[in-house]
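These notes concern the structure reproduced below.
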Amino acid sequence: IEGGHPTPPAKLDIVGKVDTATIHSEGVARRSDGGTVPLEMAFSPLPCGGRIYVIATITDVTEKKENESQLAFLADVMERLYEAVIFLDDTGRVCFWNPGASSMFDVAEEEVMGRRVDQFITLDRDRRFAGDLIPRVEKSGRFEQTVTYQISSKESKRLRLKGATVTWGDLRGSVWLANDITREARLEAEIVNVAENEQRRIGQDIHDDLCSQIAAIGCLVEVLEKDASLSNGNEARSLAKIAAMICEAGETARRIAAG
């Protein structure tokens, strides 16, 4: 039915094809407001009294179509992601492996599908998905950690690995997102190294320049104190206190210089 009017005869041809088996079809119904509704239809024969009647089951599949569209969009997004996206079942077998994973781990999708991921990904400290990471994500619902992927005995990558439990169709497992942060980790190490070198330079400057100047001032005050002690006891005592303060300031500067 479209817009409340009987369906045109040309669209009833499917009924004439119903004989002994159910026929499934998809279609679109038009509402009175001009909008459309996607439908799934099933036409089943019902023989009765020498005649064949047809039972038609019509289902509104708007929500189903929307979900399929969303899933198709998400699948397209995962295909285009630079990051590795991997779906594993509860035994650690690969059910989904996007191009980002192929690029990151240098293994083609057809090589890993249906096989255990630990055969292709070796992490630091002998950690494995099946024996360690999957049980952890199943217990807590999610996982996030920086790990090292061992490409060979001399080469590795730093990865930010995130995992979460998901249900994909009839499969229950976990989805994993891996982001290569090797360059980022290297830059962070270089920044820390530069900061430490700068701190050492400042400390050396304090030790060589400021501490030397404080020591010189302290010596000069001690000389003035000795001269003043011959003529004026009050001035000598004041200068002695100043000399002690200068000595303490020198010790503080040396401690700062040493870090």
Side-chain angles (χ1 to χ4, degrees), residues 24 26 37-40 59-192:
H24 296 273
E26 294 185 356
V37 179
L39 303 174
E40 283 186 355
T59 305
D60 181 350
V61 292
T62 302
E63 185 176 354
K64 177 184 175 181
K65 292 294 184 182
E66 289 176 350
N67 291 338
E68 288 177 351
S69 177
Q70 291 177 359
L71 287 174
F73 171 75
L74 292 175
D76 184 59
V77 169
M78 287 192 290
E79 287 289 334
R80 296 172 184 270
L81 278 176
Y82 171 76
E83 291 85 356
V85 180
I86 306 169
F87 180 82
L88 307 175
D89 66 12
D90 54 6
T91 67
R93 295 186 184 276
V94 178
C95 302
F96 179 83
W97 183 272
N98 78 328
S102 297
S103 175
M104 183 175 297
F105 301 110
D106 197 25
V107 183
E109 178 184 5
E110 55 269 19
E111 295 181 51
V112 299
M113 291 300 294
R115 301 176 66 182
R116 294 187 184 277
V117 71
D118 290 318
Q119 295 178 249
F120 307 95
I121 301 178
T122 303
L123 301 178
D124 57 330
R125 292 183 287 174
D126 294 326
R127 286 186 290 184
R128 297 189 173 274
F129 282 88
D132 180 26
L133 304 187
I134 292 177
R136 289 175 64 180
V137 81
E138 287 179 345
K139 182 178 180 180
S140 63
R142 59 179 302 170
F143 174 92
E144 182 172 353
Q145 202 170 97
T146 299
V147 300
T148 300
Y149 162 54
Q150 296 294 147
I151 302 173
S152 65
S153 59
K154 297 182 179 180
E155 188 179 2
S156 63
K157 290 182 179 180
R158 293 289 287 169
L159 306 178
R160 182 172 289 114
L161 186 64
K162 299 179 182 180
T165 55
V166 295
T167 300
W168 189 13
D170 296 331
L171 288 174
R172 187 179 184 280
S174 54
V175 63
W176 299 85
L177 176 67
N179 187 21
D180 187 351
I181 59 169
T182 304
R183 184 171 179 272
E184 178 183 334
R186 187 181 300 118
L187 289 174
E188 287 179 356
E190 290 178 0
I191 291 171
V192 170

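You'll find the side chain of Asp124 reaches within 4.5 Å of the side chain of Val147, heavy atoms only. Looking at heavy atoms from C-beta onward, Leu39 lies out of side-chain contact with Val61 at the 4.5 angstrom threshold.
Taking NZ of Lys157 as the start and CD of Gln150 as the end, the distance is 12.5 Å to the nearest 0.5 Å. Atom CD1 of Ile151 and atom OG1 of Thr182 lie 7.0 Å apart (nearest 0.5 Å). Atoms OG and OH, on Ser156 and Tyr149 in that order, are 10.5 Å from each other to the nearest 0.5 Å. Once rounded to the nearest 0.5 Å, the distance linking OG1 of Thr122 with CZ of Phe105 reads 10.5 Å. Rounded to the nearest 0.5 Å, atoms CD1 (Ile86) and CD1 (Ile121) are 4.0 Å apart.
With hydrogens and angles ignored, the 3.5 Å screen pairs a side-chain donor or acceptor of Arg93 with a backbone N or O of Gly114. No donor-acceptor distance shorter than 3.5 angstrom exists from the side chain of Asp180 to the backbone of Ala84, with no hydrogens or angles considered. Looking at Asp118, its side chain does come within 3.5 Å of a backbone N or O of Ala130 through a donor-acceptor pair. A side-chain donor-acceptor contact under 3.5 Å links Arg116 to the backbone of Thr91.
Listed here is the closest heavy atom pair of Asp132 and Pro135: O-CD, 3.3 Å. The minimum heavy-atom distance between Leu161 and Ala178, with the atom names listed, is CD1-CB, 3.9 Å. Scanning all heavy atoms of the two residues, the minimum distance from Thr165 to Glu138 falls at CG2-CA, 3.8 Å. When all heavy atoms are compared, the tightest approach of Ser174 to Val137 is CB-CG1, 4.0 Å. In this structure, Gly92 and Leu88 approach most closely via the heavy-atom pair O-CD2, 4.0 Å.
Side-chain contact, Arg160 with Thr146: no donor N or O sits under 3.5 Å from an acceptor N or O.
Residues passing the side chain to side chain donor-acceptor pair (under 3.5 Å) test with Gln145, sequence neighbours excluded: Arg127. Residues passing the side chain to side chain donor-acceptor pair (under 3.5 Å) test with Ser102 are Trp97, sequence neighbours excluded.
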Decide yes or no on side-chain hydrogen bond (donor to acceptor under 3.5 Å, both in side chains) for Thr148 and Arg158, but give the supporting numbers first. CA-CA 5 Å; Thr148 300; Arg158 293 289 287 169; 2.6 Å; yes
Criterion side-chain contact (heavy atoms from CB on, under 4.5 Å) on Leu159 and Met104, from CA distance to verdict: CA-CA 10 Å; Leu159 306 178; Met104 183 175 297; 3.8 Å; yes
Start with the C-alpha gap between Val117 and Val112, add the side-chain angles, then the distance that decides, and say whether side-chain contact (heavy atoms from CB on, under 4.5 Å) holds. CA-CA 7 Å; Val117 71; Val112 299; over 6 Å; no
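Within 6.0 Å of NZ on Lys162 lie no more than 12 heavy atoms contributed by other residues, nucleotides or ligands.
For residues 108-131, every residue pair satisfying the ring-ring contact (aromatic ring centres under 6.0 Å, His included) rule, not counting sequence neighbours, is listed here: Phe129-Trp176.
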